Amino acid sequence: MSHAGSTLTLPVPRGFDLKKAVCSYGYFLLAPNHWDVKRRVLYRPVRTSRGGLVRCVVRQNKTGSALKLLCNRAVPRGEQAFVKAQVSRMLRLDEDQRAWFSACPEAKKRGFGPMFRSPTLFEDIVKTITSCNVTWRNTTTMNRMMVERVGHGGFPTPRQLADFGADNLKAQCKVGYRAERIVRLARDVLDGALDLAWFEAPQRESDALFDALKAIHGLGPYAAGNLCHLLGVYDRLAIDTETYRHFCHHYGVKRPKTAAGLTKLDRKIERHYAALSPFQFKAYWFELWCDYESRYGRAWTWDRETTGQNFTAAVLSGEV
DNA sequence: GGTAGACCTGGACGC
DNA sequence: GCGTCCAGGTCTACC
């Protein structure tokens with residue numbers, strides 16, 4: 001880290017804990033995020049408004065009142081707010097946790113509040129596409145290759161992905177049929193056919209948000225539900241095979257083998273978590289995260305090259 | 001509205 | 001080493 005770099009300061013809410021905020025959702029294990037288990041800092045390259053890269057080390061100060069962003073180069077004054085806003089989005093510094101903690105006191109006790117996400121919705125959508133129909137290990141590979149080969153160290157911008165093209169993406173980043181979907185998304189964002197700012201507006205109603213997400217080519221019910229929580233709307237689940245594994249194991253439910261049986265199980269899962277409305281997803285994820293931590297230790301001790309490769313139903317399925 | 005098959009990769013398994 | 005099968009979510013065609 002060069003001494004010529006900038007150090008930016010970002011105030012955090014009372015009780016905020018960097019290690020818990022970062023290590024609260026699986027995307028912290030995906031490139032270009034790198035959680036340093038020993039130093040308990042987050043390495044993360046972010047973009048300037050012009051697309052340049054700023055490599056940041058994010059750490060919490062001794063009193064806990066603020067984050068220090070140690071940047072590898074001088075960040076012009078006009079760009080500092082842009083850089084800080086991305087870190088703020090990742091750690092959901094603007095999200096009020098009081099209603100969630102009131103609904104789920106266990107989460108408050110354990111410090112499970114903000115759930116980690118990406119600096120941009122675009123990155124969250126691409127990461128979600130790479131998590132579909134694939135093992136978690138493969139998801140980590142796709143993201144690593146896109147960062148190395150398309151984004152040159154940072155997460156690729158829509159322009160970089162659009163210019164790279166679907167054929168190259170498929171051949172060089174092992175994303176398979178997802179290449180066409182990712183490049184189409186990038187081009188739609190670039191030419192204005194898809195306005196991502198619309199999705200970020202705080203007043204969006206859950207059904208409208210879900211429907212609009214599902215209208216994006218490549219996003220089905222699971223991906224749209226997952227993106228709802230990444231947008232701060234927690235009242236719907238994103239049911240996948242991991243949800244089935246967890247629910248059946250945790251509550252001693254026999255896992256159905258037929259499509260009709262799984263549909264009934266979907267309704268059962270939805271009824272179960274409805275008790276914590278409007279925080280269904282967060283309640284499910286808190287339960288799942290506690291289960292992972294009971295197996296592998298607290299999440300901030302997980303190394304992305306070892307423990308961090310262990311997740312998804314396929315790996316854990318031996319238990320049901 | 002429901003269902004089947006294709007999409008693509010990596011890993012497990014049998015030979 | 002090679003071939004086959006399987007897991008994983010979405011799309012499309014078809015009934």
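To find a chain, count down the sequence lines: A is the first, B the second, and so on, and within it residues start at 1. Fair warning: this is a prediction, and the values are worked out from it, not measured in the lab.
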Problem set entry | Side-chain touch A:L265/A:R267, heavy atoms, less than 4.5 angstrom | no
For this session: Consider the side chain of A:H217, meaning its heavy atoms from C-beta on, and name the nucleotide among C:dG8, C:dC11, B:dC7 that approaches it most closely.
Result: C:dC11
Problem set entry | Heavy-atom pair with the smallest gap, counting every atom of A:Y234 and A:R92 | OH-NH1, 2.8 Å
For this session: Return the value, rounded to whole Å, for the distance between atom OH of A:Y177 and atom P of C:dC11.
Result: 10 Å
Exercise. Is any side-chain N or O of A:Y222 under 3.5 Å from a base N or O of C:dG8, one able to act as donor and the other as acceptor?
Worked result: no
Exercise. So what does A:I129 touch, heavy atoms closer than 4.0 Å: a base, only the sugar-phosphate, or nothing?
Worked result: nothing
For this session: Nearest whole angstrom, please: distance from the C1' of B:dC8 to the CE of A:M145.
Result: 14 Å
For this session: Respond yes when some side-chain nitrogen or oxygen of A:T241 is under 4.0 Å from OP1 or OP2 of C:dG9, and no when none is.
Result: yes
For this session: Report yes if the distance between the aromatic ring centroids of A:Y251 and A:F247 is under 6.0 Å, otherwise no.
Result: yes
Problem set entry | Between C:dA7 (C1') and A:R255 (CZ): distance, integer Å | 11 Å
For this session: In whole angstrom, give the distance that lies between atom NZ of A:K214 and atom C1' of C:dG9.
Result: 12 Å
Exercise. When the nearest nucleotide of DNA chain B is assigned to A:R181 and to A:K174 on a heavy-atom basis, which residue is associated with the more 5' position?
Worked result: A:R181
For this session: Kindly point out which of C:dT10, B:dC8, C:dT12 is positioned nearest to the side chain of A:A223?
Result: C:dT10
Problem set entry | Side-chain N,O (A:K170) to OP1/OP2 (B:dC8) below 4.0 Å | yes
Exercise. How many Å lie between CD1 on A:I182 and P on B:dC7, as a whole number?
Worked result: 18 Å
For this session: Using atom CZ of A:R144 as one end and atom P of B:dG10 as the other, report the distance to the nearest whole Å.
Result: 10 Å
Exercise. Over how many whole Å does the gap from A:N138 atom CG to C:dC6 atom P extend?
Worked result: 19 Å
For this session: Tell me which nucleotide among C:dG8, C:dT10, B:dG10 gets nearest to the side chain of A:C132.
Result: C:dT10
Seminar exercise, completed: Checking A:F281, A:F199, A:F210 against A:C228 for side-chain contact (heavy atoms from CB on, under 4.5 Å), the one that qualifies is A:F210
Exercise. Looking at A:Y273 versus A:Y284, is the centre-to-centre ring distance below 6.0 Å?
Worked result: yes
Exercise. Atom CG of A:L237 and atom P of C:dG9: how far apart are they, to the nearest Å?
Worked result: 14 Å
Exercise. Of the options A:N143, A:L53, A:V150, which is the one that meets A:F155 in a side-chain contact (heavy atoms from CB on, under 4.5 Å)?
Worked result: A:N143
Exercise. Taking five pairs at each end, how big is the angle between the two axes of the helix from B:dG1-C:dC15 to B:dC15-C:dG1, to 10°?
Worked result: 40°
For this session: Please check if A:L18 and A:Y25 belong to a single hydrophobic cluster, counting links between Ile, Leu, Val, Met, Phe, Trp and Tyr side chain heavy atoms closer than 4.5 Å.
Result: yes
